[in-house]
Amino acid sequence: MQVSQSKKKTGVIAPKRFVQRVKKQNELFRSYMHQDAHEFLNFLLNELVDILEKESSAAKDSPQSSSPEKVPNGLVQPLANGVRKEPPVTLVHKNFQGILTNETRCLRCETVTARDETFFDLSVDIEQNSSITSCLKNFCSTETLNAEDKFFCDKCCSLQEAQKRMKIKKAPHILVIHLKRFKYIEQLGRYKKLSYRVVFPMELKLSTSDDVDTEYSLFAVVVHVGSGPNHGHYVSLVKSHNHWLFFDDENVEMVEESTLQTFFGSSHEYSGNTDHGYILFYEGLGGKS
């Protein structure tokens, strides 16, 4: 609102008050330590959901909102018989929420156990010289559970070898993909940043379990600059009015679309380039605003 109502030709806002509020809400962000952009995104979306749900409940419960529906047996109570009202669907849910199906098939009795879970973003493992498409394929690939990882099958009433896989049941309008660039290396006893080259396309197609394809277009990238997880810097690139803008703290400049290729990563283990794509934002081309 402040940006759009600015009297100046270009509206800007210093996020000091926003950062103060974030620090007040969550003590994790009160220090001067390097913080993770993906953890921050999760915190921000979940906090927004909480605030929007509380506001929606308050609006419904206020006497002005609407008078209770009258029925022959008296007033309808929102929590009659202890049944909890469904939480409202917020702006965050409408834009970011998708559904995953976690399927486990017992290899002894062939029974398939399926469980649905919602997500706001997908965290995918990365490999050297790969692409987002192959990362998503691996995310949905079949994994065998055996030895110490056996699955307790309710039908067999015992631990059994099983096959497990994730399927995307419902694609979100905004698909957020987080690349797992920080990996714990046991020999080193610490996290290491993977500078792997992972190509992210401008257009992406995502298939759901019922064979519905959703086409997406890339509109923002968060880039981690730095060689390790405990120090560094974040910059971002955002598409606005068909132009790509590069944001680096208070500096904003227009760049060519080809500039995004410099953030794919390095095809060599050791490279001077430490600027790597970390979180990708794709918008569904399904016509939703």
Side-chain angles (χ1 to χ4, degrees), residues 1-26 28-45 47-48 95-96 121 126 132 174-182 191 193-204 216-268 270-283:
M1 193 190 284
Q2 271 177 270
V3 169
S4 65
Q5 293 181 351
S6 169
K7 298 273 193 293
K8 294 176 182 170
K9 189 180 174 189
T10 310
V12 293
I13 176 169
K16 284 179 184 170
R17 283 176 62 202
F18 175 72
V19 174
Q20 281 169 355
R21 177 69 193 267
V22 166
K23 286 180 176 178
K24 190 179 170 187
Q25 295 285 103
N26 192 317
L28 273 179
F29 302 114
R30 282 175 208 162
S31 72
Y32 287 95
M33 279 175 65
H34 185 69
Q35 298 293 344
D36 184 80
H38 179 242
E39 287 179 14
F40 175 69
L41 175 69
N42 280 324
F43 161 73
L44 190 63
L45 291 179
E47 199 66 29
L48 282 172
N95 280 301
F96 295 94
D121 65 69
I126 60 171
I132 289 300
I174 303 290
L175 175 66
V176 181
I177 301 172
H178 160 237
L179 305 183
K180 291 177 166 178
R181 285 207 175 270
F182 301 110
Y191 280 89
K193 184 180 177 185
L194 305 175
S195 60
Y196 295 164
R197 179 178 165 83
V198 180
V199 174
F200 43 89
M202 294 299 121
E203 308 294 326
L204 182 71
Y216 287 95
S217 177
L218 185 73
F219 74 92
V221 181
V222 172
V223 172
H224 180 270
V225 180
S227 54
N230 299 318
H231 53 273
H233 182 55
Y234 287 109
V235 296
S236 46
L237 295 102
V238 181
K239 193 176 186 180
S240 176
H241 301 284
N242 282 328
H243 294 290
W244 280 94
L245 299 173
F246 178 78
F247 294 85
D248 182 357
D249 288 348
E250 71 274 20
N251 299 316
V252 181
E253 59 180 294
M254 205 179 284
V255 292
E256 294 296 323
E257 191 176 276
S258 56
T259 307
L260 275 85
Q261 295 174 21
T262 60
F263 304 111
F264 287 168
S266 173
S267 49
H268 307 290
Y270 299 102
S271 161
N273 178 17
T274 65
D275 307 6
H276 309 111
Y278 185 49
I279 308 172
L280 312 172
F281 293 80
Y282 283 91
E283 183 173 21

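Just so it is clear, the values below take in all heavy atoms, side chains as well, and ignore hydrogens, waters and symmetry mates.
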field: CZ (R17) with more than 12 external heavy atoms under 6.0 Å
entry: no
- prompt: Are S266 and R197 close enough, and set up right, to give a side-chain contact (heavy atoms from CB on, under 4.5 Å), and what steps lead you there?
  reply: CA-CA 5 Å; S266 173; R197 179 178 165 83; 5.8 Å; no
- prompt: Can you check whether F40 and F29 have ring centres sitting under 6.0 Å from each other?
  reply: yes
message: If you count heavy atoms of other groups shown closer than 6.0 angstrom to CD of E256, is the number above 12?
response: no
Output side-chain donor-acceptor pairs under 3.5 Å for residues 223-242, partner residues at least two apart or in another chain, one line each.
from: H224; atom 1: ND1; to: K193; atom 2: NZ; distance (Å): 2.8
from: H224; atom 1: NE2; to: H34; atom 2: NE2; distance (Å): 3.4
from: H233; atom 1: NE2; to: D248; atom 2: OD1; distance (Å): 2.7
from: Y234; atom 1: OH; to: A37; atom 2: N; distance (Å): 3.0

message: Just so I know, are the side chains of V198 and R181 near enough to count as touching, which here means a heavy-atom distance under 4.5 Å?
response: yes
query: What's the shortest heavy-atom distance between Q35 and L28, and which atoms?
result: NE2-O, 2.8 Å
field: Donor-acceptor under 3.5 Å (T262 side chain, T259 main chain)
entry: yes
task: Drop me the distance from L179's CG to H38's NE2, to the nearest 0.5 angstrom.
output: 10.0 Å
- request: Give the intermediate values and the outcome of side-chain contact (heavy atoms from CB on, under 4.5 Å) for residues N26 and E47.
  value: CA-CA 10 Å; N26 192 317; E47 199 66 29; over 6 Å; no
query: For Y196, which residues count as a ring pair (Phe, Tyr, Trp, His ring centres under 6.0 Å) partner, sequence neighbours excluded?
result: none
- prompt: Any sub-3.5 Å donor-acceptor pair from D249's side-chain atoms to N251's backbone N or O?
  reply: no
- prompt: Is K23 close enough and on-axis enough to Y32, meaning under 6.0 Å and within 45°, for cation-pi?
  reply: yes
query: Say you draw a straight line from NZ of K24 to CZ of R30; how long is it, rounded to the nearest 0.5 Å?
result: 10.0 Å
query: With sequence neighbours left out, what residues match D36 under side-chain hydrogen bond (donor to acceptor under 3.5 Å, both in side chains)?
result: Y278
message: Tell me the closest heavy-atom pair linking W244 and M202, and the distance in Å.
response: CZ2-SD, 4.3 Å
task: Please round to the nearest 0.5 Å and tell me the distance separating atom CG of L41 and atom CZ of F96.
output: 7.0 Å
query: Looking at CZ of F246 and CE of M254, how far apart are the two atoms once the value is rounded to the nearest 0.5 Å?
result: 14.5 Å
query: Do you know which two heavy atoms are closest between F43 and V22, and how far apart they sit?
result: CE2-CG1, 3.9 Å
query: Got I132 and P201 here, is their nearest side-chain heavy-atom distance under 4.5 Å?
result: yes
- request: Specify the closest pair of heavy atoms between L204 and Y282, including all atoms of both residues, with the distance to one decimal.
  value: CB-CE2, 3.8 Å
query: side-chain contact (heavy atoms from CB on, under 4.5 Å) between L175 and L280: does it pass, once the steps are laid out?
result: CA-CA 8 Å; L175 175 66; L280 312 172; over 6 Å; no
task: Could you walk me through whether L218 and L260 pass the side-chain contact (heavy atoms from CB on, under 4.5 Å) test, one step at a time?
output: CA-CA 11 Å; L218 185 73; L260 275 85; 3.6 Å; yes
- prompt: When rounded to the nearest 0.5 angstrom, what distance separates CD1 in I177 from CD1 in I279?
  reply: 11.5 Å
